[in-house]
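Working notes for the structure below.
Source: prediction; values computed, not measured.
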Amino acid sequence: MKKLVSLFALACALVAATPASAITYGTPDANNRYPFVGALVGTFDNGTYPYCSGTLISPTVFLTAAHCDTGAETVLVTFDQKYTASSKLYAGTFVPHPEYRPRMKNPNDVAVVVFATPVQGIQPARVAELGLLDEMKAERTLNQSTAFTTVGYGAQEGGNPKQGFTYFDEREYAVGRFNALGPGFLRLSQNVHTGNAGACYGDSGGPQLLGDTNIVVSITITGDAFCKAMNAGQRLDIPSVQGFLSDYVAL
């Protein structure tokens with residue numbers, strides 16, 4: 001695979017699942033519909049490129065996944081629709097959830113990047129309020145026709161992990177529909193044969209937005225190895241995650 005770091009950085013996912021990192025069967029964000037979605041950019045043995053995705057949730061706070069931690073305290077983020085060697089980069093401090101545990105039902109797989117200088121010219125996205133998905137489920141507005149938009153910089157098209165995936169290092173988005181809700185997870189279908197699309201290697205940490213809104217209900221953290229069936233996100237509307245995020249942004 002071209003980007004070995006994708007597998008390394010995303011290796012801490014659920015048992016029987018593989019980390020997600022790219023948009024499959026999606027659409028390039030050429031019209032800049034999701035300017036608040038950016039990418040973590042790193043330099044590794046095989047080059048410099050985006051390795052995870054995330055969301056600006058305040059002018060100084062970027063939301064991503066805890067398993068995107070490379071061990072570096074200072075990390076770089078770009079909001080360019082397509083990453084190039086001349087892309088603008090913002091430096092910030094990576095802070096994972098202190099209770100992140102990879103193989104738990106709710107691993108608290110969230111982290112923030114805190115910028116010393118506010119990001120200008122980008123309207124931040126909104127974090128879902130506490131209990132939103134549970135309320136929707138109780139009101140029966142969360143069902144198999146409920147659409148969510150996944151955004152990220154990951155690989156294109158479903159493929160074969162042994163043969164590798166194609167990366168364009170650009171922000172794309174895709175719409176998938178509700179599959180299941182757990183205490184810590186929102187699972188979406190990305191089966192192209194049923195009109196859905198979703199995430200793959202490189203999209204981890206990127207947002208799963210409610211419909212066509214800017215409300216981030218979960219962040220991509222895992223999916224099937226071939227990026228063809230489903231992807232699952234860490235819920236943001238639960239107490240353990242909201243408690244962590246409230247230290248950095250008003251909810």
Side-chain angles (χ1 to χ4, degrees), residues 9-10 12-14 19-20 34-40 52-70 72-77 79 90-102 104-119 122-137 142 148-152 181-188 199 203-211 213-222 231-251:
L10 306 177
C12 298
L14 296 179
Y34 304 101
F36 48 78
V37 178
L40 287 163
C52 272
S53 303
T55 311
L56 190 70
I57 57 173
S58 94
T60 58
V61 180
F62 181 78
L63 172 68
T64 188
H67 75 253
C68 291
D69 190 356
T70 62
E73 181 179 356
T74 300
V75 296
L76 300 174
V77 175
F79 293 96
Y90 299 83
T93 302
F94 190 94
V95 185
H97 194 299
E99 297 177 5
Y100 167 56
R101 302 292 183 272
M104 297 180 67
K105 291 183 178 179
N106 171 28
N108 294 306
D109 195 353
V110 296
V112 293
V113 176
V114 181
F115 302 119
T117 303
V119 175
I122 299 177
Q123 181 67 37
R126 297 163 53 197
V127 175
E129 63 184 32
L130 181 66
L132 174 64
L133 292 174
D134 292 321
E135 291 177 9
M136 290 179 63
K137 184 176 181 180
L142 183 64
F148 296 85
T149 303
T150 300
V151 190
L181 185 68
F185 298 95
L186 171 67
R187 190 168 68 198
L188 305 177
D203 291 324
S204 279
Q208 294 175 326
L209 304 166
L210 179 60
T213 72
N214 69 342
I215 301 173
V216 190
V217 295
S218 55
I219 60 174
T220 299
I221 61 171
T222 191
N231 71 89
Q234 167 71 58
R235 289 177 60 177
L236 303 181
D237 66 329
I238 57 177
S240 62
V241 172
Q242 296 249 322
F244 168 69
L245 293 179
S246 66
D247 288 340
Y248 301 94
V249 65
L251 299 176

Going by side chain to side chain contact (heavy atoms under 4.5 Å, CB included), name the residues that satisfy it together with [X], two or more places apart in sequence or in a different chain.
X: Ser246; result: Leu251
X: Leu130; result: Pro239, Gln242
X: Ser218; result: Leu186, Gln208

Do [X] and [Y] have side-chain heavy atoms sitting under 4.5 Å apart?
X: Thr149; Y: Tyr34; answer: yes
X: Ile219; Y: Thr64; answer: no
X: Phe94; Y: Thr70; answer: no
X: Pro96; Y: Phe244; answer: no

Could you walk me through whether Val241 and Val127 pass the side-chain contact (heavy atoms from CB on, under 4.5 Å) check? CA-CA 11 Å; Val241 172; Val127 175; over 6 Å; no
Counterpart residues, ring pair (Phe, Tyr, Trp, His ring centres under 6.0 Å), relative to Phe79 (two or more places apart): Phe62, Tyr90
Out of Leu209, Leu236, Leu142, Leu132, which one pairs with Val217 under the side-chain contact (heavy atoms from CB on, under 4.5 Å) rule?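 Of all the options given, the one that passes is Leu132.
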How long is the span from the [atom1] atom in [X] to the [atom2] atom in [Y], to the nearest 0.5 Å?
X: Leu56; Y: Asn214; atom1: CG; atom2: CG; result: 11.5 Å
X: Arg187; Y: Phe148; atom1: CZ; atom2: CZ; result: 13.5 Å
X: Leu63; Y: Phe36; atom1: CG; atom2: CZ; result: 11.5 Å

Applying salt bridge (Lys or Arg N to Asp or Glu O under 4.0 Å), which residue pairs with at least one partner in residues 236-251 are found, sequence neighbours left out? Arg235-Asp237
Examine the side chains of Asn106 and Gln234 and answer whether a donor and an acceptor come within less than 3.5 Å of each other. yes
Using side-chain hydrogen bond (donor to acceptor under 3.5 Å, both in side chains) as the criterion, list what pairs up with Tyr248, not counting sequence neighbours. none
Please assess Asp134 against Leu181 for the test side-chain contact (heavy atoms from CB on, under 4.5 Å), listing each intermediate value before the final yes or no. CA-CA 9 Å; Asp134 292 321; Leu181 185 68; 3.9 Å; yes
Set out, in order, the CA-CA distance, both residues' side-chain angles and the distance that settles side-chain contact (heavy atoms from CB on, under 4.5 Å) for Leu210 and Met136, then state yes or no. CA-CA 11 Å; Leu210 179 60; Met136 290 179 63; 3.9 Å; yes
Check for a donor-acceptor pair, side chain of Thr55 on one end and backbone N or O of Val37 on the other, with a separation under 3.5 Å. no
